[in-house]
Amino acid sequence: MSNKLIIMDGNSIAFRAFYALPLLNNDKGVYTNAIYGFTTILLKIIEEEQPTHLLVAFDAGKVTFRHKDFKEYKGKRQKTPSELSEQFPLIRKLLDSFSIKHFELEGYEADDIIGTMTKEADQEKWSTKVYTGDKDMLQLVSDHVHVALTRKGISEVEYYDLDKLDEKYQLKPEQIIDLKGLMGDTSDNIPGVPGVGEKTALKLLHQYETVEKVYEHIEEVTAKKLKENLVNYRDDAFLSKALATIERGAPIELKLEDTVYEGYDKEKVVPFFKEMAFGSLLERVGAEVAELKEEDMEEIVVQTLTVDDQELLKQALISPSALHAEVTEENYHKSPVLGLSIRNKNGLFFVSNPTVQESKDIQQWLKDRGQEKWIYDAKRAEVALSWLGIELEGVHFDTYLAAYLLDPSDSDYTADSIAKKYTGLTISSDEQVYGKGAKRTLPNPEEELEEQVIQHIARKADSIYIVKEKLEEKLEEAELSSLFFELEQPLGRVLAKMELEGVKVERKTLDDMGEELASRLDELTKDIYELAGTEFNINSPKQLGEILFDKLQLPVIKKTKTGYSTNAEVLEKLEPQHEIVGNILHYRQLGKIQSTYIEGLKKVIMAKTSKVHTMFQQTIAATGRLSSIDPNLQNIPIRLEEGRKLRKAFVPAQEGCVLLAADYSQIELRVLAHISEDEGLIEAFKEDKDIHTKTAMDVFHVEEKDVTSLMRRHAKAVNFGIVYGISDYGLSQSLNITRKEAASFIERYFESFPGVKKFMEDVVKQAKKDGYVTTLLHRRRYLPEINSSNFNLRSFAERTAMNTPIQGTAADIIKKAMIDMALKLEEKKLASKLLLQVHDELIFEVPKNEIDIMTKLVPEVMEAAVQLNVPLKVDVDYGDSWYDAK
DNA sequence: TATGGCACGC
DNA sequence: GACGTACGTGCCATAA
């Protein structure tokens, strides 16, 4: 078998991994992100390359022979953050556990070790590949030696052989040194020639091949400034070239054969992964240890309730009890309930679906609000049971919502991970029991369940019973109890009723619109094919890119990582250049309406009732906002008339009703005025000024009458940026201006609203100190990256610190308003119903005889949801469809 | 089946 | 040493 050697540039890969991944730490508080990333790459290499020999080279010592020639070498480089340097010993330990050779040599860099080893390997004609993030290494490429450069992220790499190098730079490997000699390298503090970047350097090298030859022909260089710089910085050019040259004859005792790799021993790797808490990687190396199957778990005693066993029913149906309803389908509006489990001081009980349906005792207990229940995802249980005609009341504690409030940035609130996270208790996940993806098989709800499934369902109630106390304590500690008991849990009930009520959507209206769209799309398609001179899939960005930029030779504005960018922003710039572009934009617009909204909505209308029943997700957004799925009713078009017409299909379900929409005007900016106590902003809202115009007046120092529409548009975008926490880059994108200009807009905004500036500074400081930010109602969001040494991660966390109190408080307010409104409707015995929430807007179905009272009541209640130091303002309108309630 | 590009809302 | 920029949902195409 032929030899295959892989050499990893240890420092470079570790750096890459460190900066590509968030600062993970394991349960001991040790940072592990670089180790984790390093391990993923390593596993990938082992799997994909199947090397016979493996070596990891590290830098050693701060001073290398390069410093003798140039003491500023790597001078400007910031010192390695401690969060990373502390991970290096563990990376070595990782390699030891894999029985992989690693090597370092005092006074030399990893580059030189790699240079020397690859030279030997090349002579022996070993197929060799170097994994690194350092472009310099491209100088090592030869027939036998290839280089894999890490790209974005950690696992994406780009492979270089001689052909690829020629294709990309039209250079030979040895010319990489010349390239760097001319252009320098700021990260290593290698000077190069001022004013010479990659483009110029490549041009020179394509013409003259080497630095030496460039100087031999220096008189031929016509560009005056360039020639001057080349002449003046001649020494730097040669020095830089020397510094960039990788040593290929370092005094290394290591022999090629010493790097032999014969596979790793699971017995050694598994303990290390466990120590690092690399759960997912354990699975990847096939550690059976992680596979806790239901049948392997200790069997627990579960008593199955029957309709007649009064004695057992008496034990099971008490207060308080943990209750779990196994609702298996993702969409709980159309899911069976496999059964219930109950855990209390008397033990653990299971109730099959037929028993639930039959037993009046159980149903009575379920709807008795005096019988306290602890539950996981009460809304799911309530809605699914409700579709079966069974009521659920008396939920005192929902572990799902509690886990969300305790850490709203988490992405996994499955019952098993909550149990694991808060009590260390291991129970099976649904995936382990039912399988996932195509292999997911759910038990037939008509048939008796297997013991394994009953155990699984029972264990969930068991875990709820155990984890509840812990969660309750934690909520109290984090001052989240009232948010939990008075806001989030009651809101869950309100949402359940909204979802169950559903919204009527007229299929006929959608059909008609769909037909018209289809024929217009047909026309557009024909025109586009005609203009393109060929038929292609307009929906494929890849094919579209080829047509626009290869065939029609339109200028490339932006690239994505897979090819040309063809998004609306790009197309709008190209629109004047070719007739086809406008057609494509229009096609996209109509196509979106057709596929996502017309066809998408039709799929989810329940035939019987003509209604759609969304699911409001209460644990997704870290700011506290809701989201809506299946269908998403929070993104129905409104901006453009063609899409807005869709709203005509959303109508009252009941005869003699209208739809009423009430939206908060500028709620986020009012919240900002309140929190920041900025005088100018407060006054603007007290006087109910047009806030964007007011912003423009202050930022551009003009009178109201002199505010142009452009100024207002810019001011509006700045306000938008403040509300959504976008960066100067984001603002520059949305206004199509330079980043500098955007930054100066933001600066001028802060000058005009000093209170806002102070708030932003204070909240970031506070977040750095406490590690989290809060909203008006104490919602909390942790920002572990706010003290990161990584500029990007830190900046992002800082913007989040500024934005979350604003957006989160707005979310608190409308949630409170929803609860208040639900109470009001009940109290006043009104027949009006709350149907939808769209972040700052509530939609009701209102009988005509209640229109007068509701148009008054809804704004009143919404505006009084909380008291701020500026008024809240609500606009209201109603009509025969959502379209007409504008 | 997973991922990327794109577009809709706030 | 790298670099990517409110969020969430859902569609389509494409690669794996």
Side-chain angles (χ1 to χ4, degrees), chain A residues 11-20 74 76-78 80-81 84 132-135 150-154 185-188 436-439 537-545 560-571 585 588-589 591-597 599-601 603-604 614-615 617 620-623 625-640 643-644 646 663-664 667-668 720-734 739 789-793 795-800 802-804 806-807 810-811 814 837-841:
Chain A
N11 291 71
S12 168
I13 300 287
F15 263 103
R16 278 282 180 159
F18 180 74
Y19 287 113
K74 296 203 172 175
K76 288 237 175 69
R77 188 177 289 188
Q78 277 183 349
T80 309
L84 171 57
T132 179
D134 186 354
K135 273 193 186 159
T150 55
R151 279 158 47 114
K152 239 198 244 177
I154 46 166
D185 183 342
T186 44
S187 72
D188 287 349
K436 69 165 172 177
K439 282 196 279 219
N537 186 344
I538 308 168
N539 286 319
S540 159
K542 186 164 172 268
Q543 294 180 37
L544 177 61
T560 67
K561 64 170 149 186
T562 50
Y564 307 115
S565 171
T566 67
N567 66 24
E569 196 193 320
V570 168
L571 295 185
L585 278 165
R588 281 248 177 97
Q589 194 201 330
K592 173 81 178 171
I593 298 172
Q594 182 76 303
S595 64
T596 303
Y597 297 105
E599 277 156 31
L601 270 174
K603 270 185 221 152
V604 293
T614 187
M615 293 182 287
Q617 307 230 92
I620 295 291
T623 53
R625 275 190 171 188
L626 299 175
S627 75
S628 156
I629 57 166
D630 208 9
N632 181 353
L633 296 181
Q634 292 183 320
N635 73 341
I636 304 300
I638 188 164
R639 240 180 62 248
L640 301 172
R644 187 177 200 155
L646 274 164
D663 69 293
Y664 281 111
I667 187 166
E668 282 96 352
F720 179 87
I722 299 280
V723 167
Y724 288 117
I726 63 174
S727 57
D728 51 3
Y729 172 85
L731 181 64
S732 74
Q733 291 292 299
S734 67
R739 192 175 161 147
S789 51
N790 178 324
F791 173 82
N792 292 324
L793 294 179
S795 308
F796 189 52
E798 286 170 358
R799 294 205 302 276
T800 310
M802 301 185 250
N803 161 251
T804 296
I806 303 172
Q807 213 184 105
I814 193 159
Q837 186 250 47
V838 191
H839 307 307
D840 64 355
E841 177 184 21

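Lettering of chains follows the sequences in order, A, B, ..., and the numbering in each one begins at 1. Scope of the values below: all heavy atoms of this structure, side chains included, with no hydrogens, waters or symmetry mates.
- To the nearest angstrom, P of B:dC6 lies 12 Å from NZ of A:Lys561.
- With sequence neighbours excluded, no residue forms a salt bridge (Lys or Arg N to Asp or Glu O under 4.0 Å) with A:Arg644.
- Nucleic acid contact class of A:Ile638 (heavy atoms, under 4.0 Å, all strands): sugar-phosphate only.
- Nucleotides C:dG1 and B:dA7 are separated by 38 Å at their P atoms, to the nearest Å.
- Atoms CG (A:Asp728) and C1' (C:dA6) sit 14 Å apart, rounded to a whole Å.
- In this structure, CD1 of A:Ile636 is placed 9 Å from C1' of B:dC8, rounded to the nearest angstrom.
- Nucleic acid contact class of A:Val723 (heavy atoms, under 4.0 Å, all strands): none.
- Residue A:Gln634 comes nearest to A:Leu626 through the heavy atom pair OE1-O, 3.5 Å, listed as atom of the first residue, atom of the second, then distance.
- Shown here are the side-chain contact (heavy atoms from CB on, under 4.5 Å) partners of A:Pro541, two or more places apart in sequence or in another chain: A:Thr566.
- Under the side-chain contact (heavy atoms from CB on, under 4.5 Å) criterion, A:Ala811 pairs with A:Arg625, not counting sequence neighbours.
- Taking atom C1' in both B:dC6 and C:dA2, one finds a spacing of 27 Å when rounded to whole Å.
- Atom P of C:dC3 sits at a distance of 16 Å from the matching atom of B:dG5, rounded to the whole Å.
- A straight line from CD of A:Gln837 to P of B:dG9 spans 17 Å, rounded to a whole angstrom.
- The side chain of A:Phe791 has C:dG4 as its nearest neighbour among B:dG9, C:dG4, B:dC10.
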Practice item. Classify every nucleotide of nucleotides 8-14 of chain C by which part a protein heavy atom approaches to under 4.0 Å, writing B for the base, S for the sugar-phosphate alone and - for neither, in 5'-to-3' order. Key: BBBSSSS

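- Qualifying side-chain contact (heavy atoms from CB on, under 4.5 Å) partners for A:Thr596, counting only residues two or more places apart in sequence or in other chains: A:Lys592.
- One interatomic measurement links the two molecules: CG of A:Leu793 to C1' of C:dG4, which rounds to 10 Å at whole-angstrom precision.
- Using a 4.0 Å cut-off on heavy atoms, none of the residues of residues 562-571 of chain A approach DNA chain C.
- Per the geometry, CZ belonging to A:Arg639 stands 10 Å off P belonging to B:dC10, to the nearest Å.
- With sequence neighbours left out, the salt bridge (Lys or Arg N to Asp or Glu O under 4.0 Å) criterion links A:Asp728 to A:Arg739.
- Checking the phosphate oxygens (OP1, OP2) of C:dC3, a side-chain nitrogen or oxygen of A:Arg16 falls inside 4.0 Å.
- Stem analysis of DNA chain C (at least three stacked-register Watson-Crick or G-U pairs, each with both distances under 3.5 Å) gives B:1-9 with C:7-15.
- Rounded to an integer number of Å, the gap from A:Asn11 CG to C:dA2 P is 12 Å.
- Comparing the same atom, P, in B:dG9 and in C:dT5 gives a spacing of 22 Å after rounding to whole Å.
- Of all heavy-atom pairs spanning A:Leu84 and A:Ala14, the tightest one is CD1-O, 4.1 Å.
- The line from CD of A:Glu668 to CG of A:Asp840 is 6.5 Å long, rounded to the nearest 0.5 Å.
- Among the protein residues, A:Arg644 comes within range of no part of the nucleic acid, since none of its heavy atoms lies under 4.0 Å from any strand.
- Atom-to-atom, CD1 of A:Ile726 to C1' of C:dG4 comes out at 14 Å; the value is rounded to the nearest Å.
- In this view, A:Tyr724 and A:Phe720 satisfy the ring pair (Phe, Tyr, Trp, His ring centres under 6.0 Å) rule, not counting sequence neighbours.
- Residues A:Phe720 and A:Ser12 each lie close to DNA chain C; by heavy-atom proximity, the contact nearer the 5' end of the strand is made by A:Ser12.
- Applying the side chain to side chain donor-acceptor pair (under 3.5 Å) rule to A:Thr804 yields the partners A:Arg781; only residues at least two apart in sequence or on another chain are considered.
- Using a 4.0 Å cut-off, some side-chain N or O of A:Ser727 falls inside it from OP1 or OP2 of C:dA6.
- Listed by chain and residue number, A:Lys558, A:Ser565, A:Glu569, A:Val570 satisfy the side-chain contact (heavy atoms from CB on, under 4.5 Å) test with A:Asn567 (two or more places apart in sequence, or in another chain).
- The CG atom of A:Asn803 sits 10.5 Å away from atom CD1 of A:Ile726, with the distance rounded to the nearest 0.5 Å.
- Among the protein residues, A:Arg588 comes within range of the sugar-phosphate backbone only, with heavy atoms under 4.0 Å from sugar or phosphate atoms but none that close to a base.
- Within 4.0 Å (heavy atoms only), A:Phe796 reaches sugar-phosphate atoms of the nucleic acid but no base atom.
- With sequence neighbours left out, A:Thr614 forms a side chain to side chain donor-acceptor pair (under 3.5 Å) with A:Ser628.
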